[in-house]
Amino acid sequence: MVMTPRIGAYFVEWQSAPDDRALGVVDFSIFPHLDLFPQNTLAHAKRWAADIGGPAYAIDEQTAIKVVDGSVEVVSEGQWTKFGS
């Protein structure tokens with residue numbers, strides 16, 4: 001998540017954070033731990049993604065995102081969803 005441009009207000013848990021910006025190394029955001037916790041459902045991920053304003057992925061524990069030379073590949077044996085363009 002730290003490599004993304006934004007994590008979304010949903011994941012900002014520290015009081016001193018001025019906003020939800022992260023490093024922005026990649027051009028998409030990540031909603032992790034899909035369906036692992038009661039508050040990390042696909043419905044929650046859809047609401048989170050609507051606020052992100054850019055490409056985003058919701059991924060479970062059996063999913064990784066590989067980025068090589070700007071090319072994004074989802075590697076998964078689990079559940080994942082892409083939001084946005």
Side-chain angles (χ1 to χ4, degrees):
M1 289 176 72
V2 72
M3 304 299 277
T4 70
R6 295 181 55 205
I7 63 171
Y10 187 82
F11 291 108
V12 176
E13 295 181 1
W14 53 96
Q15 293 180 0
S16 63
D19 55 34
D20 71 334
R21 286 179 292 169
L23 295 176
V25 174
V26 296
D27 66 352
F28 57 85
S29 295
I30 300 170
F31 185 100
H33 310 298
L34 183 63
D35 293 328
L36 182 65
F37 305 111
Q39 68 274 19
N40 282 39
T41 65
L42 187 55
H44 286 104
K46 286 179 182 177
R47 287 191 296 274
W48 165 86
D51 186 49
I52 287 295
Y57 294 86
I59 62 174
D60 68 3
E61 303 307 291
Q62 288 76 46
T63 303
I65 299 175
K66 176 179 163 182
V67 180
V68 177
D69 295 329
S71 177
V72 178
E73 177 185 353
V74 176
V75 180
S76 181
E77 292 184 359
Q79 301 294 320
W80 64 276
T81 300
K82 181 178 181 186
F83 304 102
S85 52

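For reference, positions follow the sequence shown, starting with 1.
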Which distance, rounded to the nearest 0.5 Å, do you find between the [atom1] of [X] and the [atom2] of [Y]?
| X | Y | atom1 | atom2 | result |
| --- | --- | --- | --- | --- |
| Asn40 | Trp48 | CG | CH2 | 10.5 Å |
| Thr81 | Leu34 | OG1 | CG | 6.5 Å |
| Gln79 | Ile59 | CD | CD1 | 12.5 Å |
| Glu77 | Thr63 | CD | OG1 | 9.0 Å |

Report task. Might you point out which heavy atoms bring Arg6 and Gly53 nearest each other, and give the distance in Å? Result ->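 That would be NH1-N, 4.3 Å.
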
Same cluster or not: [X] versus [Y], using hydrophobic residues (I, L, V, M, F, W, Y) connected whenever any side-chain heavy atoms lie under 4.5 Å apart?
| X | Y | value |
| --- | --- | --- |
| Val68 | Val72 | no |
| Ile30 | Val12 | yes |
| Val75 | Met3 | no |

Requested in this report: Mark yes or no for whether Ser29, through its side chain, and Thr4, through its backbone, hold a donor-acceptor pair below 3.5 Å.
Outcome: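 No, because the side chain of Ser29 does not come within donor-acceptor range (under 3.5 Å) of the backbone of Thr4.
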
Query - Whether Trp80 side chain and Gln62 backbone form a donor-acceptor pair below 3.5 Å - result: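 Side chain of Trp80 to backbone of Gln62: no pair is present.
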
Within the 4.5 Å heavy-atom criterion, are [X] and [Y] side-chain neighbours or not?
| X | Y | value |
| --- | --- | --- |
| Phe11 | Asp20 | no |
| Ile65 | Phe28 | yes |
| Ile52 | Phe31 | no |

Report task. Check the angle between the aromatic planes of His44 and Tyr10 and answer parallel, tilted or perpendicular using the 30° and 60° thresholds. Result ->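 Answer is tilted, since the angle falls between 30° and 60°.
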
